[in-house]
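These notes are about the structure you will find just below.
In this text, all values refer to a predicted model and were calculated from it rather than measured experimentally.
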Amino acid sequence: MRVLIAGGGTGGHLYPGIALARELQRRDPSTTISFVGNAQGIEASVVPREGFELDLIHVAGLKGKSRIERTIGFGLLPIAVIDSWRVIARRRPDVVVGVGGFASGPVLAIAALFGYPTMLLEQNALPGVTNRLLARFVRAAAVNFEAALSYFPRTGFVAGNPVRPEFFPAQNEEANDRSNRPRDAARVLIFGGSQGAHAINVAMVEAAPRLAASGIRLAITHQTGERDLDLVRAAYERAGLAARVEAFILQIDGEMKAADVVICRAGATTLAELAASRTPAILVPLPTATDDHQRKNAEVFAKTGAAIVIDQRDLTGDALASALRELMTDPDRRARMSAAAKTLARPDAAQRIADRLETLVGQSKVNRAR
């Protein structure tokens, strides 16, 4: 089977595709998998490192962009269409999967137009505009939240968001409750995606002296992005807090599983990883996310009891320090949050999607045989 996975731009779009690719190769090592993306996206560095081939197309985003950026994006559309067709014609896939991001739209549209089996992955409770437009053309839509099903009435099915197996506890970790682990210090992981989150970084700079004065022993790991690296590192040093501060952390799965609390944005893939690792979280949804989808994602976790949500407009050093102190001094609540996160995990998401994908390919071959 030849599979083409289109999209990326951010880890939230890309990593579910990688999780699916690994599941397909686990089932049949002879499966050929390649990705399509954009040179400016995270896929340009991650996909080759993961051992998959990558084709790059010329494409840019439209929604939420400035007038100049939209003009450039519209100007690139004809080129993106031509590039997409060239990739499809050369790869000759049995199925094309869109995982979201700039490159997903033109590739899925061209594949559907020429009769290739197509599937899209929708990670958010509110689908993005590209996936809403593609809904009537694709043959299957794997959604993460039941709330998204109404946008794909003919093709949608709830599968969950594929998560790399590294985020799930190993068998010997199953019985180890976070709240009962022997620790010299409570472990906190802070990150805002591959580029960091400036608002969270600034709030932690303000919170650092307050946390140091609280007397709670903390071991902090903070992914800042390049922009705020020196600012955050200096703030922790001044406050006397033990902290590992990096622009980017490659092995985020291990850090997340080791953490007692995570402070982060509310992207759908991040939330799926939190559920898989069963980690209590303080979520700060990105207010400029398309269609405010991060807030809707976070509401699901808040209602279940797996997370505390702080709106960015309310995000201050005092608010963040207070929420963190509250969780660190209440191990029972953290245990309840961890249990709630577990109920949101879908460890079989990649398998469910792979099952449907194999069915699509099988149906297509039967139809061609007729």
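By the 4.5 Å heavy-atom criterion applied to side chains, Val36 and Glu43 are not counted as neighbours. With a 4.5 Å cut-off on side-chain heavy atoms, Val262 and Met256 count as touching. Looking at heavy atoms from C-beta onward, Val205 lies in side-chain contact with Leu231 at the 4.5 angstrom threshold. Using a 4.5 Å heavy-atom threshold, the side chains of Pro93 and Tyr116 count as touching. The shortest distance between side-chain heavy atoms of Arg278 and Lys257 does not fall below 4.5 Å. Taking the side chain as every heavy atom from C-beta outward, Met204 and Ile190 approach each other to under 4.5 Å. Between Asn124 and Lys296 there is no side-chain heavy-atom pair separated by less than 4.5 Å. Using a 4.5 Å cut-off on side-chain heavy atoms (C-beta onward), Leu211 and Ile216 make no contact.
For the atom pair CG of Leu56 and CG of Asp83, the computed distance is 9.5 Å after rounding to the nearest 0.5 Å. Remark: Asn201 CG to Asp228 CG distance equals 4.5 Å, nearest 0.5 Å. With rounding to the nearest 0.5 angstrom, the CZ atom of Arg90 is 8.0 Å from the OG atom of Ser34. In this structure, His222 NE2 and Ile249 CD1 are separated by 8.5 Å, a value rounded to the nearest 0.5 Å. In this structure, CG in Asp311 is found 4.5 Å from CZ in Arg295, a value given to the nearest 0.5 Å. If you take OG1 on Thr279 and CG on Leu189, they are separated by 8.5 Å, rounding to the nearest 0.5 Å.
With sequence neighbours excluded, no residue forms a salt bridge (charged side-chain N to carboxylate O under 4.0 Å, His left out) with Arg92.
Shown here for Gly267 and Asn297, the closest heavy-atom pair between the two residues is C-ND2, 4.2 Å. Taking each heavy atom of Ala275 and Ala345 in turn, the nearest pair found is O-CB, 3.5 Å. Smallest separation of non-hydrogen atoms from Met337 and Ala306: CE-O, 3.4 Å. Residues Ala235 and Ala208 share a closest heavy-atom pair of O-CB, 4.2 Å. Between Gln294 and Val284, the shortest heavy-atom contact is OE1-O, 4.4 Å. Across all their heavy atoms, Gln351 and Pro347 have their closest contact at OE1-O, 3.4 Å.
With respect to Asp55 and Arg91, a salt bridge is recorded, a charged nitrogen being found less than 4.0 Å from a carboxylate O. Under 4.0 Å is where a charged nitrogen must lie from a carboxylate oxygen, and between Glu358 and Arg356 no such pair does. With respect to the salt-bridge test (charged N to carboxylate O, under 4.0 angstrom), the residues Glu166 and Arg22 qualify.
The only option from Val99, Val96, Thr130, Leu108 that meets the side-chain contact (heavy atoms from CB on, under 4.5 Å) definition with Leu120 turns out to be Leu108.
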- Going through the checks in order, is the side-chain contact (heavy atoms from CB on, under 4.5 Å) test met by Thr224 and Val245? CA-CA 7 Å; Thr224 63; Val245 184; 3.6 Å; yes
task = Before giving the answer on side-chain contact (heavy atoms from CB on, under 4.5 Å), spell out for Val46 and Ile18 the whole-Å C-alpha distance, their side-chain angles and the decisive distance to 0.1 Å.
result = CA-CA 10 Å; Val46 172; Ile18 289 175; 3.7 Å; yes
**Q.** Audit row: His58, Asn38, side-chain hydrogen bond (donor to acceptor under 3.5 Å, both in side chains) steps and yes/no
**A.** CA-CA 7 Å; His58 297 84; Asn38 180 266; over 6 Å; no
Stepwise side-chain contact (heavy atoms from CB on, under 4.5 Å) test for Glu246 and Gln223: CA-CA 5 Å; Glu246 305 287 349; Gln223 176 179 291; 5.8 Å; no
* To do: Under the side-chain contact (heavy atoms from CB on, under 4.5 Å) rule, what do Glu50 and Val47 come out as? Steps first, then yes or no, please.
  => CA-CA 5 Å; Glu50 292 287 338; Val47 169; 5.7 Å; no
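A distance-only check finds a donor-acceptor pair linking the side chain of Thr359 to the backbone of Asp355 [under 3.5 Å]. For Ser84 (side chain) and Ala80 (main-chain N/O), a donor-acceptor pair under 3.5 Å exists by modelled atom type.
Arg86 CZ: 12 or fewer foreign heavy atoms inside a 6.0 Å radius. No more than 12 heavy-atom neighbours from other residues, nucleotides or ligands sit within 6.0 angstrom of CZ on Arg217.
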Below 3.5 Å, can you tabulate the donor-acceptor pairs from side chains in residues 316-327 to any protein atom, sequence neighbours excluded?
{"residue": "Thr316", "atom": "OG1", "partner": "Ala319", "partner atom": "N", "Å": "3.0"}
{"residue": "Asp318", "atom": "OD1", "partner": "Arg210", "partner atom": "NE", "Å": "2.3"}
{"residue": "Glu326", "atom": "OE2", "partner": "Arg333", "partner atom": "NH1", "Å": "2.3"}

Atom pairs and distances, donor-acceptor, side-chain atoms in residues 136-160, under 3.5 Å, two or more places apart:
{"residue": "Arg139", "atom": "NH2", "partner": "Gly115", "partner atom": "O", "Å": "2.8"}
{"residue": "Asn144", "atom": "OD1", "partner": "Asn161", "partner atom": "N", "Å": "3.2"}
{"residue": "Asn144", "atom": "ND2", "partner": "Gln123", "partner atom": "O", "Å": "3.1"}
{"residue": "Arg154", "atom": "NH2", "partner": "Arg136", "partner atom": "O", "Å": "3.1"}

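By the 30° and 60° cut-offs, the orientation of the rings of Trp85 relative to Phe114 is parallel.
Clustering ILVMFWY residues whenever any of their side-chain heavy atoms sit less than 4.5 angstrom apart, transitively, puts Val202 in a cluster other than the one holding Ile200. Taken together through direct or relayed side-chain contacts under 4.5 Å among Ile, Leu, Val, Met, Phe, Trp and Tyr, Leu283 and Leu286 form parts of separate hydrophobic clusters. Residues Ile88 and Leu113 share a single hydrophobic cluster, defined by chaining ILVMFWY side chains whose heavy atoms lie under 4.5 Å apart.
There is a side-chain donor-acceptor pair under 3.5 Å between Gln312 and Arg265.
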